Asker: 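Pasting a structure here, questions to come.
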Amino acid sequence: MVMLVALPALVALSLSPQQENRAVFRVSTRAVRVDVFVGRNKRAVPGLRKEDFELLDDGKPQPITSVAVKELPLNVFLVLDTSQSVQGITLEMLRTAASSFLEALSEGDRCGLLTFSHHLDLRSGLTDDVGSIDEALENVSAEGGTSWHDALFVALELLEEVRDRPMVLLFTDGGDTYSWLGTEKMLPLVKRSNAVIYAIARGEPPNMPDLRSDAGRKSWVLARRTHGARTRLIRELTEESGGRLLEATSFEKLQELFLEILAEMKTRYILSYSPPEPVREGWHRLEVRVRERGVDVHARRGYTYEAER
């Protein structure tokens with residue numbers, strides 16, 4: 001069943017004072033869990049123990065109580081661009097890439113599907129029945145504008161109560177043209193979420209215009225600026241959450257990129273620690289280090305703690 005998400009309701013929810021002030025990345029005073037990817041040359045570094053990590057909460061080292069890798073299943077929402085610019089071969093390559101992602105999921109993993117154009121379609125909630133999601137993909141068509149801001153918001157809301165490895169894989173091939181949520185709302189939303197966000201976006205503005213004319217040059221400059229602003233925003237959001245952005249110079253590599261992201265998702269470490277009482281309310285800056293040279297570390301940059309009233 002396809003669920004159409006009402007955008008006016010989305011705006012009302014996004015702007016409500018209760019939501020603006022709440023701490024969605026909730027932690028108990030007993031334990032904080034931090035999802036971390038450690039890689040070298042884009043390959044996961046396996047076999048790390050808690051002694052190999054250093055975790056700082058507001059600059060203060062914390063004793064790590066446990067490190068886990070594969071014990072917890074994935075809960076992933078695919079958030080896919082189905083705007084008019086995806087019509088034709090790009091949509092076929094997107095279907096193939098998403099189907100390969102679903103096929104490579106492990107037993108116990110769950111996936112959901114949300115597509116977006118000028119409206120949002122919740123085609124499947126989280127389920128381990130990947131065949132039903134594959135079937136939903138076959139019914140996807142491409143039309144209209146692009147509203148990835150709103151789509152990402154809805155995916156984060158749907159993952160809000162998920163405690164085991166909530167993740168988002170966002171694909172978009174263009175700038176946002178139709179969302180109610182403005183750019184300034186996006187980073188606060190991500191900071192309040194539990195989810196790790198990965199994204200795939202077009203690497204360069206498409207369709208080089210005729211640069212011999214003033215109109216062509218202006219069009220190209222505008223396209224480059226729009227692309228740069230969108231890329232900076234998506235990169236900031238993914239890195240804030242502990243994920244990353246992959247830019248696709250050719251959509252023929254979409255399947256490869258989807259599977260690369262899934263491989264990272266499956267090899268992330270879960271670090272647990274217990275902050276000392278009393279826990280200060282408000283924003284806590286997190287930093288994860290690895291006592292090994294030449295590695296890349298991707299982890300959430302912080303969390304908000306709000307005591308129960």
Side-chain angles (χ1 to χ4, degrees), residues 2-5 7 10 76-102 111-124 133-134 136-159 167-183 186 189-190 195 197-207 223 226-238 241 243-262:
V2 173
M3 175 182 174
L4 181 64
V5 179
L7 292 183
L10 171 65
V76 186
F77 248 100
L78 296 178
V79 181
L80 307 181
D81 189 339
T82 55
S83 61
Q84 185 174 2
S85 58
V86 182
Q87 283 183 345
I89 188 63
T90 301
L91 181 59
E92 292 304 316
M93 289 187 288
L94 179 59
R95 284 197 188 107
T96 299
S99 292
S100 297
F101 182 95
L102 294 170
C111 191
L113 176 62
L114 176 69
T115 61
F116 62 91
S117 55
H118 55 286
H119 60 259
L120 312 182
D121 287 325
L122 178 58
R123 298 179 182 272
S124 174
I133 301 179
D134 218 2
L137 282 169
E138 291 301 317
N139 297 321
V140 169
S141 58
E143 61 178 356
T146 304
S147 54
W148 72 260
H149 293 183
D150 292 347
L152 181 58
F153 166 76
V154 170
L156 296 179
E157 284 293 300
L158 292 169
L159 288 167
M167 297 186 176
V168 171
L169 199 173
L170 167 71
F171 164 79
T172 182
D173 84 326
D176 195 298
T177 61
Y178 216 86
S179 283
W180 290 84
L181 288 175
T183 300
M186 299 311 295
L189 288 173
V190 170
I197 303 168
Y198 282 88
I200 299 172
R202 184 185 291 276
E204 287 292 338
N207 304 326
T226 301
H227 170 262
R230 181 207 62 187
T231 301
R232 284 192 297 273
L233 176 60
I234 297 179
R235 179 171 286 111
E236 183 176 19
L237 300 180
T238 55
S241 76
R244 67 185 182 103
L245 165 67
L246 285 71
E247 293 189 70
T249 54
S250 169
F251 286 148
E252 293 178 357
K253 295 187 176 182
L254 270 184
Q255 183 176 12
E256 177 183 329
L257 295 178
F258 269 65
L259 293 178
E260 179 180 337
I261 287 174
L262 180 57

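Only a predicted model underlies this, so the values are computations on that prediction, with no experimental measurement involved.
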Asker: Testing the basics here: between Leu233 and Trp148, what is the closest heavy-atom pair and its distance to 0.1 Å?
Answerer: CD2-CH2, 3.7 Å

Asker: Is Leu237 close to Leu152 at the side-chain level, that is, under 4.5 Å between some pair of heavy atoms?
Answerer: yes

Asker: Distance from Glu256 atom CD to Ile261 atom CD1, nearest 0.5 Å?
Answerer: 11.0 Å

Asker: Is there a side-chain contact between Val154 and Phe77 in this structure, where contact means two heavy atoms from C-beta onward sitting under 4.5 Å apart?
Answerer: no

Asker: Could you please spell out the steps behind the side chain to side chain contact (heavy atoms under 4.5 Å, CB included) verdict for Leu158 and Leu122?
Answerer: CA-CA 10 Å; Leu158 292 169; Leu122 178 58; 3.8 Å; yes

Asker: Can you measure from CD (Glu236) to OG1 (Thr183) and round to the nearest 0.5 angstrom?
Answerer: 10.5 Å

Asker: For Asp176 and Thr146, which heavy atoms make the closest approach, and how far apart are they?
Answerer: OD1-O, 3.2 Å

Asker: Is there a donor-acceptor contact under 3.5 Å from the side chain of Ser241 to the main chain of Ile197?
Answerer: yes

Asker: Could you grab the distance from atom CZ of Phe101 to atom CG of Leu254, nearest 0.5 Å is fine?
Answerer: 13.0 Å

Asker: To the nearest 0.5 angstrom, please state how far the CG atom of Leu80 sits from the CG atom of Leu114.
Answerer: 8.0 Å

Asker: Among Ile133, Leu113, Leu262, which one satisfies side-chain contact (heavy atoms from CB on, under 4.5 Å) with Leu102?
Answerer: Ile133

Asker: Listed by chain and number, what are the salt bridge (Lys or Arg N to Asp or Glu O under 4.0 Å) partners of Glu260, not counting sequence neighbours?
Answerer: Arg244

Asker: Would you find a donor on one side and an acceptor on the other, under 3.5 Å apart, between the side chain of Asp150 and the backbone of Trp180?
Answerer: yes

Asker: Measure across Thr82 and Ser141 and return the closest heavy-atom pair with its distance rounded to 0.1 Å.
Answerer: CB-O, 3.5 Å

Asker: Checking side chain to side chain contact (heavy atoms under 4.5 Å, CB included) for the pair Tyr178/His119: CA distance, chi angles, key distance, verdict?
Answerer: CA-CA 8 Å; Tyr178 216 86; His119 60 259; over 6 Å; no

Asker: Distance-only, no hydrogens or angles: does the Ser250 side chain make a donor-acceptor pair with backbone N or O of Glu252 under 3.5 Å?
Answerer: yes

Asker: My understanding is that only one of Asp173, Thr115, Leu170, Ile200 makes a side-chain contact (heavy atoms from CB on, under 4.5 Å) with Asp81; could you say which?
Answerer: Asp173

Asker: Any non-hydrogen side-chain atom of Gln84 less than 4.5 Å from a side-chain atom of His118?
Answerer: no

Asker: Please report the closest heavy-atom contact between Cys111 and Ser124, naming both atoms and the distance.
Answerer: O-OG, 4.5 Å

Asker: Anything under 3.5 Å between a donor and an acceptor, one on a side chain of residues 87-95, the other on a protein residue two or more places apart or in another chain? List them.
Answerer:
from  : atom 1 : to     : atom 2 : distance (Å)
Gln87 : NE2    : Ala142 : O      : 3.0
Glu92 : OE2    : Arg95  : NH1    : 2.5
Arg95 : NE     : Leu137 : O      : 2.9
Arg95 : NH2    : Val140 : O      : 2.4

Asker: At their closest point, which heavy atom of His149 faces which heavy atom of Gly182, and how far apart are they?
Answerer: ND1-C, 4.0 Å

Asker: Which atoms form the tightest heavy-atom contact between Ser83 and Gly145, and what is the distance?
Answerer: CB-O, 3.0 Å

Asker: Can you tell me how far the CG atom of Leu245 sits from the CZ atom of Arg232, to the nearest 0.5 Å?
Answerer: 12.5 Å

Asker: What class does the angle between the rings of Phe171 and Phe258 fall in, given that below 30° is parallel, 30 to 60° is tilted and above 60° is perpendicular?
Answerer: tilted

